[in-house]
Number of protein chains: 2
Amino acid sequence: MDKKIRIKDIAQMAQVSVGTVDRVIHNRGEVAQESYKKVMGILEKTGYKPNLIAKTLGSNKTYRIAALMPNPEQDEYWNQSIEGIKQAKEEWTQYGVQLQTFYFDLYDKKSYISLAETVYESNPDGVLTAPIFYQEAVRFFNLCKTQNIPFVLVNNNIEQAGSLSFVGQDLYQSGRVGAELLHLNEKENGTYAILHIYDDIHNSTHLNEKEKGFKDYFAEQNNGYTYKVISVDLNYTHEPTLEKELSELFNEPTLKGILVTTSKGAYTVSKLLEKNGKNGIRLVAYDLLEENLYYLKNGIIDFLINQNSKRQAFIAVSQLSNHLLFKKEASASYLFPLEIISRQNLTSYLNSKQH
Amino acid sequence: MDKKIRIKDIAQMAQVSVGTVDRVIHNRGEVAQESYKKVMGILEKTGYKPNLIAKTLGSNKTYRIAALMPNPEQDEYWNQSIEGIKQAKEEWTQYGVQLQTFYFDLYDKKSYISLAETVYESNPDGVLTAPIFYQEAVRFFNLCKTQNIPFVLVNNNIEQAGSLSFVGQDLYQSGRVGAELLHLNEKENGTYAILHIYDDIHNSTHLNEKEKGFKDYFAEQNNGYTYKVISVDLNYTHEPTLEKELSELFNEPTLKGILVTTSKGAYTVSKLLEKNGKNGIRLVAYDLLEENLYYLKNGIIDFLINQNSKRQAFIAVSQLSNHLLFKKEASASYLFPLEIISRQNLTSYLNSKQH
DNA sequence: GTGAAAGCGCTAACAA
DNA sequence: TTGTTAGCGCTTTCAC
């Protein structure tokens, strides 16, 4: 009745051998019209579902996934990603998924190009990458496509790149959430700043999305108040200049809040805001980095928006593995929720197994 | 080198048969001291990890899990739980996990008792339940323990019950988050209410936790302001009385905010608050129920705290399945993050695969 | 075109 | 106390 039907059963019903059934299931031809139809019919009638367990055991294949990711030592955010990859590796290794990581320099396009080449030449069965460098990534993807190597993107999306899947957040909406959190319960005119602090090379597309969301949010508030929205780009490398520019920003008399879009930048802003006195300026930043937690707890940072890079990477590997092993179709985009972290719900996130 | 070692390999190294190795791995005795030690040594030296795929295929066992849960038709929150269970069923059925659901009446202890009996008599391999009724649940657990049936709890915990695992949230902290969200940026004295609206039978322990957190939060604010915290219990069944009492509450002149602890109660409060005019009273409620979403979007509800009952149930089944199939030890408590839902991050939650 | 059969790693029943 | 062996359901090779 409810019992599982096996290939063997199908074969029996169709009066053919398991070999033939297998051939029609996998479309590997060499099968007579008549047999094909008969088997196909029974397959559909019975709603046959293959036993995935037996399938992976039987095929005894191994798959190689290459992960082309930023060097975890350069940035805690990316370090978390690597943790997620390691976790996924642990889980999938028993299914015959092998995972090799390639770390490129976050501030050097060339290292991406050359490692992409290495990855390509290793001829993996699947690729995972964070496409930090737009042009270079696109070129890499085109290579992958020539060899039919499926690839999944994490962190930031490149539409139309032909990826198997994108795993990350809606950055536009993320900017809106940032704006909302700064604006909560404010019943006055005021200035709101979105602040991009980056090291050297600027990955603009990524941050632009957040900025667009941020601006749109305020533009849409028609409640009688007027809001001035400013966008500030600062370079991280020259500390004195940076501090000077930030101090100027803080002195803007109507400044109500700042959204710092880069997870690392939050530290500098917080430090300075702590020194200068917070003066009612709200601060929202990204990610559960150690420094951010410190400033969240002591009230300098009001909210964090969590991007959960660890789980993003974990899911990305899983999507790819499922695709390779079980031919499961991955969802074109696997969007993560925009998690709001406050002083009170922080520990519940830190304790949660899902983070 | 990095190649997987099989039982066969271990047997070869230890100069015994696979049967013997299997016996020591599973501690099923009948093995000479000497062989045992030898095999054990090699097992440890090589760090042998069984191939779970082969294991499940080979053993060809099926496990029966019984889920004793509230009737999903009585409450959308519990309906979501059942969705999570169904999802988990889908995922685990291929591993030979069978899942049978038993729905008890949310407002009738007797139905719990009698169904618990039925579950017990069906002699399942594992049990999942939401221990709404404290006493009755404890009695049921004691039964389970006599038969060594592992059981996991969802939604609310019963400490010391001897469960395999608890899946849910920290309710005390949840109350604190609710308080925080009402109190955000308020720089005045004021009254804050925690409101329990329930149908009939009152499951006090559950709500008490939230209330304690709520009160503690305000008690700890030593910022020069004084807060009056009130706790209101209302019965859902008599609508006119309910509305009258709520109106009285709204008229409290210093009232700043209300936390509604029961997901269903939020609807009534919102409706009335919409009718009477919101007047700056903040409202925080629980869960992404349809009505709540409506009132969140139109600004009556300021924040929702998401309990994600669907995923709780999903995880609970997974914990149990993993335990039965793979003897994985489940974590004693699997705590979910206290997710803050605002107007701007709502869609990211609704779209997320994890919710 | 098709069927038979070995094998994936593990379990468990049965012999020895 | 130990070893052997026949499965579990599917894949894949090889002979017909």
Side-chain angles (χ1 to χ4, degrees), chain A residues 3-40 42-43 46-63 92-98 324-328, chain B residues 2-40 42-43 46-63 93-98 324-328:
Chain A
K3 222 173 151 186
K4 308 223 112 173
I5 30 181
R6 296 109 77 224
I7 282 192
K8 208 180 176 179
D9 302 318
I10 305 281
Q12 211 162 12
M13 297 183 209
Q15 318 240 56
V16 294
S17 73
V18 294
T20 305
V21 176
D22 189 70
R23 266 169 284 231
V24 353
I25 288 175
H26 297 93
N27 262 322
R28 30 177 169 258
E30 315 281 287
V31 116
Q33 273 286 328
E34 201 189 356
S35 312
Y36 182 86
K37 277 190 178 167
K38 205 156 46 167
V39 172
M40 214 46 183
I42 300 186
L43 241 28
T46 57
Y48 168 78
K49 286 263 169 66
N51 180 327
L52 265 18
I53 298 285
K55 183 171 170 147
T56 55
L57 185 61
S59 67
N60 198 29
K61 266 205 197 90
T62 69
Y63 294 93
W92 287 99
T93 189
Q94 55 170 300
Y95 293 84
V97 175
Q98 290 166 359
L324 293 173
L325 262 80
F326 304 132
K327 311 290 172 244
K328 277 193 196 161
Chain B
D2 205 34
K3 222 172 150 187
K4 306 226 109 172
I5 29 185
R6 298 109 77 223
I7 282 193
K8 210 180 178 178
D9 302 319
I10 305 281
Q12 212 163 12
M13 296 184 209
Q15 318 240 56
V16 294
S17 73
V18 293
T20 306
V21 176
D22 190 68
R23 268 171 287 239
V24 352
I25 288 176
H26 297 94
N27 262 323
R28 34 177 167 255
E30 315 282 286
V31 126
Q33 272 286 328
E34 201 189 355
S35 312
Y36 182 86
K37 277 190 180 168
K38 205 158 39 168
V39 171
M40 216 45 182
I42 298 186
L43 242 29
T46 56
Y48 169 78
K49 288 261 168 67
N51 180 327
L52 266 18
I53 298 283
K55 182 171 170 150
T56 55
L57 185 61
S59 67
N60 198 27
K61 263 204 200 94
T62 69
Y63 294 94
T93 190
Q94 55 169 302
Y95 292 86
V97 175
Q98 290 166 2
L324 294 172
L325 262 81
F326 305 132
K327 311 290 172 245
K328 276 192 196 163

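Here is the naming used below: chain letters follow the sequence lines, and residue numbers restart at 1 for every chain. What's counted below: heavy atoms across the whole structure, side chains too, no hydrogens, waters or symmetry copies. Please read all numbers here as calculations on a predicted model, not as lab measurements.
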Roughly, in whole Å, what's the span from [atom1] in [X] to [atom2] in [N]?
X       : N     : atom1 : atom2 : result
B:Leu52 : C:dG9 : CG    : C1'   : 11 Å
A:Gln15 : C:dT2 : CD    : C1'   : 15 Å
A:Lys55 : C:dG9 : NZ    : C1'   : 19 Å
B:Gln12 : C:dG9 : CD    : P     : 13 Å

With each end axis built from five pairs of C1' atoms, what bend angle do you get for the helix from C:dG1-D:dC16 to C:dA16-D:dT1? Round to 10°.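 Taking five pairs per end, the axes differ by 50°.
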
Gap between atom CG of A:Leu57 and atom CG of B:Leu57 - 0.5 Å precision: 5.5 Å

First locate atom CG of B:Leu325, then atom CG of B:Leu52, and finally report the distance between them rounded to the nearest 0.5 Å.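 That separation rounds to 8.0 Å.
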
Taking 5' to 3' order, which nucleotide of DNA chain D is first and which is last to have an atom within less than 4.0 Å of a heavy atom in chain A?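 Listing 5' to 3', DNA chain D meets chain A from D:dG9 to D:dT12.
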
Using the side chain to side chain contact (heavy atoms under 4.5 Å, CB included) criterion, which residues pair with [X]? Sequence neighbours excluded.
X       : answer
A:Gln98 : A:Thr62, A:Arg64
A:Ser59 : A:Lys61
B:Thr46 : B:Ile5, B:Ile10, B:Met13, B:Ile42, B:Tyr48

Which heavy atom of B:Tyr36 sits nearest to which heavy atom of B:Val31, and what is that distance?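 Taking B:Tyr36 first and B:Val31 second, the nearest heavy atoms are CB-CG1, 3.4 Å.
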
Please list residues of residues 21-28 of chain A whose heavy atoms come under 4.0 Å from any atom in DNA chain C, ordered by number; otherwise none. A:Arg23

Between B:Val16 and A:Pro50, name the one whose nearest nucleotide on DNA chain D is closer to the 5' end.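 Taking each residue's closest nucleotide, the earlier one in sequence belongs to B:Val16.
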
Extract all donor-acceptor atom pairs below 3.5 Å that involve side chains of residues 19-27 of chain B and protein atoms in other chains or at least two apart in sequence.
from, atom 1, to, atom 2, distance (Å)
B:Thr20, OG1, B:Ser17, OG, 3.4
B:Asp22, OD1, B:His26, ND1, 3.3
B:Asp22, OD2, B:Arg28, NH2, 2.6
B:Arg23, NE, B:Gly19, O, 3.3
B:His26, ND1, B:Asp22, O, 2.9

Could you list all N or O pairs between the protein and nucleotides 5-8 of chain C that sit under 3.5 Å apart?
from, atom 1, to, atom 2, distance (Å)
C:dC8, O2, A:Leu57, O, 3.0
C:dC8, O2, A:Gly58, N, 3.1

Name the nucleic acid region contacted by B:Ser35, choosing base, sugar-phosphate or nothing; use a 4.0 angstrom heavy-atom cut-off, strictly under.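 Sugar-phosphate only.
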
With sugar-phosphate meaning primed atoms plus P, OP1 and OP2, does B:Tyr36 contact a base, only sugar-phosphate, or nothing at under 4.0 Å between heavy atoms? nothing

Summary of salt bridge (Lys or Arg N to Asp or Glu O under 4.0 Å) pairs that have at least one residue in residues 7-16 of chain B, sequence neighbours excluded: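 Listed by first then second residue: B:Arg6-B:Asp9.
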
